[in-house]
There are 2 protein chains.
Amino acid sequence: MKLNKKVKEMEGAEQKIIAAARRIFQRKGMAGARMEEIANEAGINKALLHYYFRSKEKLFQVVMTEAKMQMLGRLHPILGSEASLFEKIEKFVESYISFISLNPFLPGFILHEINRHPEEMVKMMLSNDKRPNLNKFFLQVESEIRKKNIIAIQPEQLFINMLSMCVFPFVARPLLQGVMNVSDKKFSLMIEARKKEIPKFIINAIKR
Amino acid sequence: MKLNKKVKEMEGAEQKIIAAARRIFQRKGMAGARMEEIANEAGINKALLHYYFRSKEKLFQVVMTEAKMQMLGRLHPILGSEASLFEKIEKFVESYISFISLNPFLPGFILHEINRHPEEMVKMMLSNDKRPNLNKFFLQVESEIRKKNIIAIQPEQLFINMLSMCVFPFVARPLLQGVMNVSDKKFSLMIEARKKEIPKFIINAIKR
DNA sequence: TCATGGTTTAACCAAATGGTTAATTGTGCA
DNA sequence: TGCACAATTAACCATTTGGTTAAACCATGA
C-alpha cells in the first residue's frame with residue numbers, strides 16, 4: 001500500500017467520487033443519476049467508479065447511508081438531552097435548520113428515495129445502528145402536559161409539526177419562492193429568521 | 001370519428017393511459033418510470049402510448065400539469081375568499097389535507113421534479129394560466145396584526161408554517177412512521193386528527 | 001358487404017447506460 | 001534499477017429503453 005503517498009491525496013479518488021456522487025444523487029435521485037455524469041463530476045474515468053465501488057447500487061448505498069445518518073443522527077442528541085422542553089425545541093430547530101442549510105438537497109433526496117422503496121429503506125434505516133430514540137422527548141411532553149405547563153397535545157403531533165416546519169421549506173423551496181414571489185436572497189433571510197420564529201411559534205402554540 | 005362508439009369507452013384508452021401514467025410517475029418520478037411499465041399498468045401495448053402521447057416527455061407534461069393545477073389551484077379559492085382569518089386557516093387545512101389524503105403521492109412527485117428542473121418547472125407553473133394569488137391572505141394577516149388580534153408575524157412565515165404542517169407528513173410518511181414507530185392505521189388516524197389539530201395549533205400560536 | 005380510417009399490436013431499431021476487460025501508467029520497495 | 005502491485009484509462013459489451021414501422025384489427029357508413 002502506498003500509505004506514504006500524501007495521505008490527503010491517498011483517498012483522493014475515493015473521496016472525490018463520494019463527493020461527486022453526493023452532489024449528483026442528491027439532485028437527480030438514484031434513477032436520474034448517470035454513472036458517467038458522476039465520473040465527470042469527480043474528474044475521473046467511468047471505469048474507476050466501478051473499481052472503487054462495484055456498482056451504482058453500492059455507490060448509492062454509501063451516499064444514502066451517510067445521508068440518513070446525518071439526518072437522523074441529529075434527532076437523539078438534542079431531543080434526548082436533559083434540557084427543558086422549551087430549550088430543547090429552540091436548540092433542535094436552530095441546529096436542524098443550520099445543518100440543512102449546509103445540505104439543502106439532502107432532505108428531498110432522502111424523502112424521494114424512501115417513497116420509492118419504503119419497506120427496504122425504512123428497514124435499513126432503523127436496523128442500521130442506533131435508531132433515533134424519541135421516547136425521552138415524548139415522555140417529557142406528556143409530563144409537561146400533566147404539570148399543566150403546556151396544553152394537551154399528542155407528542156407525536158408536536159414532533160411532526162416541528163420537523164415539518166424545519167424541513168419542508170427546503171424541500172419545497174423553488175415552489176414556495178415561485179408562489180410567494182420571493183427572491184433567493186429574501187428566502188435565505190427568511191430561512192435564517194425561522195431559526196427563531198419557529199420556536200417562538202411552537203412555544204406560543206403549546207404554552208398555557 | 002367514431003363519436004358514436006360509447007363515449008365512455010371512446011376515451012377509454014387515453015384515460016387509462018393517463019391514470020396509469022399518474023400512478024407510475026407519481027411513485028417513481030420521471031426518470032424512474034418506464035414507458036413499458038406504464039403501458040402494462042394501463043393494460044395496453046407500449047406502442048399505443050406513443051400513438052396517443054408522442055413521447056415520454058409529453059406524457060409526463062400531461063401528468064405534471066394536472067398535478068400542479070390540483071395542488072396550486074386549491075390555494076386561491078380558499079385563501080382568497082372573504083372568510084375571517086381563523087376560518088380561512090381552518091378551511092384551508094381541512095380541505096388541503098383531505099385532498100392530499102386522496103392523492104398522497106402527489107406532493108412528493110411535484111417537489112421531486114421541481115428540484116430536478118427548478119427553473120423550467122417554476123416558470124411553467126407560474127405562467128401557466130392563473131398563478132395562485134396569496135396577496136389577499138397576506139394583507140389580511142397584516143391587517144389582523146395591526147388590529148392587534150394576532151401577534152406580529154411575517155405573513156409568508158405563517159403561510160410556510162401552515163403549508164409545511166399540512167404537506168410534510170405525506171412526503172415523509174414512511175420515515176416518520178419508522179422513526180416514531182407508528183402503524184399505518186395509527187398514522188392515518190393522526191393525519192385525520194391533524195385537520196383539527198393544525199388549525200388549533202396555528203391559532204394558538206398567533207392569537208393574542 | 002366491403003372500403004375506409006381510426007385503433008392496436010408484434011417486431012424492430014438506435015441510442016443510452018451500467019458494467020467489464022485488457023492494456024497503460026505510476027509508485028513504493030527490495 | 002526494476003519488480004510487483006495499485007491506480008487509471010480507452011475500448012468494448014450486453015441490456016435496457018424510448019421510439020418507430022408495418023401489418024392486423026375492427027367499427028362505421030355507403
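In this text the structure is predicted, and so the values were computed from the model without any measurement. By convention in this document, chain letters (A, B, ...) are assigned in the order of the sequence lines, proteins followed by strands, and residues within each chain are numbered from 1. Scope of the values below: all heavy atoms of this structure, side chains included, with no hydrogens, waters or symmetry mates.
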Enquirer: For the pair A:H50 and A:M35, evaluate side-chain contact (heavy atoms from CB on, under 4.5 Å) and give the outcome as yes or no after the intermediate values.
Expert: CA-CA 9 Å; A:H50 291 87; A:M35 288 300 263; 3.8 Å; yes
Enquirer: Closest approach to the side chain of A:L48, judged atom by atom: which nucleotide of D:dG19, D:dT8, C:dT9 is it?
Expert: D:dT8
Enquirer: Atom CG of A:N40 to atom C1' of C:dT17: distance rounded to whole Å?
Expert: 13 Å
Enquirer: Check whether any side-chain heavy atom of A:E197 sits under 4.5 Å from a side-chain heavy atom of B:I160, and report yes or no.
Expert: no
Enquirer: Do you know the tightest heavy-atom contact between A:L85 and A:Q140?
Expert: N-NE2, 3.3 Å
Enquirer: Rounded to the nearest Å, what distance is computed from the NZ atom of residue A:K16 to the C1' atom of nucleotide D:dT8?
Expert: 11 Å
Enquirer: A:K58 NZ to C:dG19 C1': how many Å, rounded?
Expert: 13 Å
Enquirer: Give me the residues of residues 17-36 of chain A where at least one heavy atom lies under 4.0 Å from an atom of DNA chain D, by number, or none.
Expert: none
Enquirer: Rounded to the nearest 0.5 Å, what's the gap from CZ on A:F170 to CG on B:L111? Could you check?
Expert: 14.5 Å
Enquirer: For A:K91, does the NZ atom have more than 12 heavy-atom neighbours from other residues, nucleotides or ligands under 6.0 Å away?
Expert: no
Enquirer: It should be established whether A:H50 places a side-chain nitrogen or oxygen under 4.0 Å from OP1 or OP2 of nucleotide C:dT20.
Expert: no
Enquirer: Please give, in whole Å, the distance from C:dG6 P to B:Y51 OH?
Expert: 7 Å
Enquirer: Hey, do the aromatic rings of A:F105 and A:F109 have their centres closer than 6.0 Å?
Expert: no
Enquirer: Nearest whole Å is fine: how far is C:dT20 P from A:Y52 OH?
Expert: 17 Å
Enquirer: From CD1 of A:I44 over to P of C:dT24, roughly how many Å is that when rounded to an integer?
Expert: 21 Å
Enquirer: For the backbone of A:R34 and the side chain of A:K28, can you confirm whether one donor and one acceptor N or O come within less than 3.5 Å of each other?
Expert: no
Enquirer: Anything under 30° is parallel, anything over 60° is perpendicular, the rest tilted; go ahead and classify A:Y96 against A:F92.
Expert: parallel
Enquirer: I'd like a table of atom pairs between the protein and nucleotides 10-12 of chain D - only N or O on both sides, under 3.5 Å - with the distance next to each one.
Expert:
from   : atom 1 : to    : atom 2 : distance (Å)
D:dA10 : OP2    : A:N45 : ND2    : 3.1

Enquirer: Going by distance alone, is a donor N or O of one side chain under 3.5 Å from an acceptor N or O of the other, for B:R173 and B:Q177?
Expert: yes
Enquirer: Starting at atom CZ of A:F53, determine the distance to atom P of C:dG19, rounded to an integer number of angstrom.
Expert: 13 Å
Enquirer: May I have the distance from B:L49 (atom CG) to C:dA10 (atom C1'), rounded to whole angstrom?
Expert: 15 Å
Enquirer: Take the C1' atoms of the five end pairs on each side of the helix from C:dT1-D:dA30 to C:dA30-D:dT1, get both axes, and report the angle to 10 degrees.
Expert: 10°
Enquirer: Can B:Q61 and B:E57 be counted as having a side-chain donor-acceptor contact under 3.5 angstrom?
Expert: yes
Enquirer: Working to the nearest 0.5 angstrom, can you tell me the gap between A:F168 CZ and A:L176 CG?
Expert: 5.5 Å
